[in-house]
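Owing to the predicted nature of the structure, the values given are computational and were not obtained by experimental measurement.
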Amino acid sequence: MSNLRKETLYLYVIQISNLAIPLLTLPYLTKVLGLTGLGKLGLAQTIFFLMGFLIDFGFTYSASRHVSLNKQDLKKINKIYTNVQFLRLIIYIIVSIIFFCYMSFLKIDIQDKTTYIIALISSFSFILIPSWFFNGLGINSTLAIFTLLFRIVTLVPIFLLINDTTDYLLAFIIQNTSLLVLGVFISIYLRIKLDIRIRFKLTDKNYMKEMLKDGFDAFSGSALSVVYTTGVPFIVKMSLGDASVGIYILVERVLSVLKQLFMPIIQAYYSTICLMYSKNNISEINTINIKIVIFYTTLTVSALLFNYLFGRFLIGMLFDNQQIIFPYIFISIIGQFVVGLSIVSIYGNILPSGNGYILKKIYAKWALLFCMLIAMFWSLLDLSIIYALVIGVELMIVIEATLFIRKKMRMVEA
């Protein structure tokens, strides 16, 4: 377990560094772009990350599980890498065609349309940066180091080139489109250091179908969760406008520190939990998950206390005195804790145990309810109501997922 602890420690050190660098630019971008410009930037980044989600198709945890179980077999993991990367490329092409067709019917100004198209092109970086593969090998810290170095390089252009409210597109190019360059370096690293590359002779249609089916269980559930997670900025824009999107994005950027601290520990333990499930070591899995929940609780309480004591002061000093975000930060912290419980239920239990099929049933039910509630309260919507609906739905998912996995565990122990 010493290597596991070391990987976890490295991930946190690098993750904190990765977060500190974007936070250096956030106050500047808030002041220069304003809430409206920040909202437009945030919406472009939402499209970018939504494309990343579609390209991933659940492979981050389904395909990485296959890698973690075969990491000693170079030929096998090259086969996994080749076929999954081909699938990701095919998905990117299909989604891009659909997106371009849809864009031709939208009545939006040329600058917004240009921004969305650049976001689509930039998302090709998700293919070049196979985080799912690093996750499966248990070397997320290696990828994090590359990302950290790259963020440092792209830090200076933000301050030198972003000078006006209309520069949100340039800000997006510097922060996101430039990741295409990082992707090229990652591909070279995999080829030279690990002897991992796309080998056409290893492509197998039947194997691709198997991987696609395996990934679909995780994707279908997560895809429905997009309605009340990644899709929230679109709901805010349609119901409340760009300025409200700016408030939402600013809150999410401030809370990105807390949110990103939730992931490294589950990433570090994921491959180990997969192996434990293959050996039915239920008690050890429960011990790990309880420790993760305690850690999440500590993070949440600390964040609430920090915001209560220093929140208004830091908002005034760093974010152009946009005090309107102060109460929403409290709400978002609570929301992130609920998300943390969901992370443990899904990535600490359901997916590594091979029960991902249940996610689409759980998510479908609660995503439908969320849409119904949004429609019912549309004329009354404000950010507080939207946050409350998101948190409520996520909590119901946690409860149902937890009850499901407990039932499965009792069956295994019996």
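The nearest pair of heavy atoms linking Y277 to P352 is CB-O, 3.7 Å. Considering every non-hydrogen atom in both V245 and G39, the closest pair reads CG1-O, 3.6 Å. Between M51 and V95 the shortest heavy-atom distance is SD-CG1, 3.3 Å. In terms of heavy-atom proximity, T177 sits nearest to S122 at OG1-OG, 2.7 Å. Of all heavy-atom pairs spanning L380 and I385, the tightest one is O-CD1, 3.2 Å. Shortest non-hydrogen contact noted between L120 and S96 is CD1-OG, 3.8 Å.
Around CZ of R191, the count of heavy atoms belonging to other residues, nucleotides or ligands within 6.0 Å does not exceed 12. Counting heavy-atom neighbours within 6.0 Å of K113 NZ, excluding the residue itself, gives a total above 12. For CZ of F159, the number of neighbouring non-hydrogen atoms (other residues, nucleotides, ligands) closer than 6.0 Å is greater than 12. Other residues, nucleotides and ligands contribute more than 12 heavy atoms inside 6.0 Å of the CZ atom of F100.
With hydrogens and angles ignored, the 3.5 Å screen pairs a side-chain donor or acceptor of N83 with a backbone N or O of L202. Y28 places a side-chain N or O within donor-acceptor distance of the main-chain N or O of I162, the cut-off being under 3.5 Å. Remark: the backbone N or O of L74 is paired with a side-chain donor or acceptor of N78 at under 3.5 angstrom. Remark: side-chain polar atoms of T82 are not paired, donor with acceptor, to backbone N or O of K79 under 3.5 angstrom.
For the ring pair (Phe, Tyr, Trp, His ring centres under 6.0 Å) test, residues two or more places apart in sequence or in another chain that qualify with F126 are F48. The side-chain hydrogen bond (donor to acceptor under 3.5 Å, both in side chains) test applied to T115 returns no partner, not counting sequence neighbours. Residues forming a ring pair (Phe, Tyr, Trp, His ring centres under 6.0 Å) with F86 (at least two apart in sequence, or on another chain): F200. For F326, the side-chain contact (heavy atoms from CB on, under 4.5 Å) partners two or more places apart in sequence, or in a different chain, are N307, R312, I315, Q323, F330. For L305, the side-chain contact (heavy atoms from CB on, under 4.5 Å) partners are L309, not counting sequence neighbours. In this structure, the ring pair (Phe, Tyr, Trp, His ring centres under 6.0 Å) partners of F124, at least two apart in sequence or on a different chain, are Y92. Remark: R197 engages D195 in a salt bridge (Lys or Arg N to Asp or Glu O under 4.0 Å) (not counting sequence neighbours). Judged as a salt bridge (Lys or Arg N to Asp or Glu O under 4.0 Å), and not counting sequence neighbours, D164 has no contacts. Scanning for side-chain contact (heavy atoms from CB on, under 4.5 Å) contacts around L190 gives Y81, P130, F133, F134, I186, L194, I196, with sequence neighbours left out.
Residues N289 and Y269 have side chains that never bring a donor and an acceptor to within less than 3.5 angstrom of each other.
Among residue pairs with one or both ends in residues 33-46, those qualifying as salt bridge (charged side-chain N to carboxylate O under 4.0 Å, His left out) are K40-D112, K40-D242; sequence neighbours excluded. Pairs passing the side-chain hydrogen bond (donor to acceptor under 3.5 Å, both in side chains) check and including a residue from residues 327-340, sequence neighbours excluded, read E252-S332. For residues 178-190, the set of pairs meeting the side-chain hydrogen bond (donor to acceptor under 3.5 Å, both in side chains) definition, not counting sequence neighbours, is empty.
Within the model, atoms OG1 of T287 and CD1 of I282 stand 11.0 Å from one another, a figure rounded to the nearest 0.5 Å. If you take NZ on K237 and OH on Y248, they are separated by 15.5 Å, rounding to the nearest 0.5 Å. Once rounded to the nearest 0.5 Å, the distance linking CD1 of I158 with CG of N163 reads 10.5 Å. Taking CG of L33 as the reference point, atom CG of L41 lies at 6.5 Å (rounded to 0.5 Å). Atom CG of N355 and atom CD1 of I346 lie 12.5 Å apart (nearest 0.5 Å). Atom-to-atom distance recorded for L179:CG and I174:CD1 is 12.0 Å, nearest 0.5 angstrom.
Put simply, the side chain of I47 does not reach to within 4.5 Å of the side chain of F172, judged on heavy atoms. Inter-residue side-chain proximity for I80 and M211 is flagged as met; some heavy-atom pair is nearer than 4.5 Å. Taking 4.5 Å as the limit, some side-chain heavy atom of N176 sits within range of a side-chain heavy atom of F49. Looking at S131 and L143, their side chains come closer than 4.5 Å, going by heavy atoms from C-beta outward. The shortest distance between side-chain heavy atoms of E284 and I288 does not fall below 4.5 Å. Residues T30 and L250 are in side-chain contact: their nearest non-hydrogen atoms beyond the backbone lie under 4.5 Å apart. In this structure, L369 and M396 have side chains that are not in contact, with every pair of non-hydrogen atoms separated by 4.5 Å or more. Between Y347 and I273 the shortest side-chain heavy-atom distance does not fall below 4.5 Å.
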side-chain contact (heavy atoms from CB on, under 4.5 Å) for L383 and L240? Distances and angles first, verdict last. CA-CA 9 Å; L383 281 178; L240 303 173; 4.3 Å; yes
Going through the distances and angles, do T154 and Q175 end up as a side-chain contact (heavy atoms from CB on, under 4.5 Å)? CA-CA 7 Å; T154 58; Q175 292 183 328; over 6 Å; no
Under the criterion side-chain contact (heavy atoms from CB on, under 4.5 Å), I'd like the reasoning laid out for I374 against L389: C-alpha separation, chi angles, the key distance, then a yes or no. CA-CA 8 Å; I374 287 292; L389 290 175; 3.7 Å; yes
For T36 and Y168, what are the C-alpha separation, side-chain angles and deciding distance, and is it a side-chain contact (heavy atoms from CB on, under 4.5 Å)? CA-CA 10 Å; T36 300; Y168 64 88; over 6 Å; no
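Side-chain rings of F337 and Y296 stay apart, their centers remaining 6.0 Å or farther from each other.
Screening T300, I391, V393 for a side chain to side chain contact (heavy atoms under 4.5 Å, CB included) with V338, the sole residue that qualifies is I391.
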